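Here, residue 1 is the first one in the sequence, and each next residue gets the next number. Everything quoted here is computed from the prediction, not taken from an experiment.
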Amino acid sequence: MWNENQYKFILRCNRRLTMVWKWLTTALLLWILWGILQNYSSYFPPDFNATFLLDREAYFHGIYRAAFFVHLVSSPIALVCGLFLVSSHSRRWLPKVHKLVGRVHLANVCFAVAPSGFVMSFYALGGFVSTAAFLSLSVLTCMTALLGFWHARQQRFEAHQRWMWRSWILLSSAIALRLMAMVAEPFGWDPIGVYRFTAWASWLLPLMILELSVWLRVNAQDTHPHAPALSPPEEEKGS
């Protein structure tokens with residue numbers, strides 16, 4: 001498909017884009033996560049004048065209340081653990097810690113983050129469009145984490161890394177959603193319409209970029225099977 005020069009160009013671009021993507025994502029995640037955590041004083045106890053809790057007092061009880069607080073506590077833990085797990089340094093230098101954190105992360109995502117997000121989806125601003133987006137996100141987040149774990153158990157570490165990156169992208173959608181909302185706010189667009197759009201775009205767009213990167217890598221390696229891989233998998237032992 002590509003000649004040698006084109007392949008080398010793709011190789012360089014992929015490595016540079018990957019490095020920039022990782023550092024930019026990390027910086028944005030930590031910045032926005034810090035901003036989110038600063039708002040936690042409005043949730044304990046709930047302040048219904050706070051931005052996120054506006055117009056939620058009528059149904060802020062029962063299963064929604066429980067799901068809200070579970071999600072509030074479990075999501076930052078998932079983001080921090082996910083950031084540690086997708087780092088190549090954690091796999092290379094701390095393999096035992098990586099496996100332990102991975103198991104804690106899996107339990108947190110599958111038994112706290114995804115189920116609580118699933119419940120909260122039915123109360124999402126924007127009606128059916130937003131609800132469908134968050135329901136899909138909750139299910140896919142759980143499924144990708146489980147598939148990543150299954151591939152690790154089968155010692156298919158390259159596939160394991162791909163699936164965990166997908167899970168990480170889905171988890172990070174909360175950060176992307178807030179970032180998109182911040183960008184759209186100065187334009188004075190309809191907030192409901194913006195929320196419906198970002199509910200889908202916050203995870204579909206980053207996921208599409210990831211899949212494009214994987215496709216480019218696989219096709220470049222198929223064209224030049226003896227050339228160095230675009231993003232060689234880390235050597236790991238055990239699961």
Please answer: with hydrophobic residues joined when any side-chain heavy atoms are less than 4.5 Å apart, are Leu137 and Leu207 in the same cluster? yes

Let me see the working for Trp200 and Leu205 under side-chain contact (heavy atoms from CB on, under 4.5 Å), right down to the final yes or no. CA-CA 8 Å; Trp200 287 99; Leu205 291 179; over 6 Å; no

Going through the checks in order, is the side-chain contact (heavy atoms from CB on, under 4.5 Å) test met by Lys96 and Leu100? CA-CA 6 Å; Lys96 292 183 179 179; Leu100 176 61; over 6 Å; no

In short, Ala145 meets Val109 closest at the heavy-atom pair CB-CG1, 4.1 Å

Give a yes or no on whether Trp93 and Phe84 share a hydrophobic cluster (residues Ile, Leu, Val, Met, Phe, Trp, Tyr; joining criterion: side-chain heavy atoms under 4.5 Å apart). yes

Closest contact, heavy atoms only, His71 versus Ser116: ND1-OG, 2.8 Å

For Tyr59, look at atom OH and say whether over 12 heavy atoms of other residues, nucleotides or ligands are found less than 6.0 Å away. yes

Just how far is it from atom CG of Leu106 to atom SG of Cys81, taken to the nearest 0.5 Å? 11.5 Å

Val86 reachable from Leu171 in the ILVMFWY side-chain graph, under 4.5 Å edges: yes

Minimum side-chain heavy-atom gap Ser121-Ser138 below 4.5 Å: yes

For a 4.5 angstrom cut-off between non-hydrogen side-chain atoms, does Met164 reach His105? yes

Looking at Trp163, is Arg166 sitting on its ring face, NZ or CZ under 6.0 Å from the six-membered ring centre and within 45 degrees of the normal? yes

Are more than 12 heavy atoms from other residues, nucleotides or ligands located less than 6.0 Å from atom CD of Glu211? yes

I'd like to know if the side chain of Ser130 and the backbone of Gly127 have a donor-acceptor N/O pair within less than 3.5 Å. no

Where the side chain of Ser202 meets the backbone of Leu177, is there a donor-acceptor pair that is under 3.5 Å apart? no

Distance col, row Tyr123:OH vs Phe68:CZ, nearest 0.5 angstrom, shows 13.5 Å

Could you check Leu147, Thr144, Leu146 and say which one makes a side chain to side chain contact (heavy atoms under 4.5 Å, CB included) with Ser167? Thr144

Would Trp203 and Ile169 count as a side-chain contact (heavy atoms from CB on, under 4.5 Å) here? Give the steps. CA-CA 7 Å; Trp203 57 275; Ile169 290 291; 5.5 Å; no

Would you say the side-chain atoms of Thr198 pair up with the backbone N or O of Tyr195, donor to acceptor, closer than 3.5 Å? yes

I'd like to check Phe134 versus Met120 (side-chain heavy atoms, cut-off strictly below 4.5 Å). Are they in contact? no

What heavy-atom pair brings Ala201 and Met180 nearest, and what distance separates the two atoms? O-CE, 3.5 Å

Any chance you could measure Met143, atom CE, to Ser136, atom OG, to the nearest 0.5 Å? 11.0 Å

More than 12 heavy atoms of other residues, nucleotides or ligands under 6.0 Å from CZ of Phe197: is that the case? no

Does Leu179 form a side-chain contact (heavy atoms from CB on, under 4.5 Å) with Ile175? I'd like the steps, not just the answer. CA-CA 6 Å; Leu179 185 61; Ile175 303 298; 5.5 Å; no

Of all heavy-atom pairs between Phe157 and Ala152, which one has the smallest distance, and what is that distance? CE2-O, 3.9 Å

Gap between atom CG of Leu135 and atom OG1 of Thr131 - 0.5 Å precision: 6.0 Å

Among the clusters formed by ILVMFWY side chains lying less than 4.5 Å apart, do Phe111 and Val70 turn up in the same one? no

Check: Gly126 main-chain N/O paired with Arg196 side-chain donor or acceptor under 3.5 Å: yes

Answer yes or no: is there a donor N or O on one side and an acceptor on the other, between the side chain of Arg153 and the main chain of Phe149, under 3.5 Å? no

In terms of ring plane angle, is the pair His160 and His98 parallel, tilted or perpendicular, where the classes change at 30° and 60°? perpendicular

Residue that, paired with Val113, satisfies side chain to side chain contact (heavy atoms under 4.5 Å, CB included) out of Leu170, Leu79, Asn108, Ile77: Asn108

Which atom pair, heavy atoms only, marks the closest approach of Arg65 to Pro46? NH1-CG, 4.2 Å

Tell me, yes or no, whether the heavy-atom count around Ile63 atom CD1, taken from other residues, nucleotides or ligands under 6.0 Å, exceeds 12. no

Under 4.5 Å between side-chain heavy atoms, hopping through other hydrophobics if needed: is there a path connecting Phe122 to Val139? yes

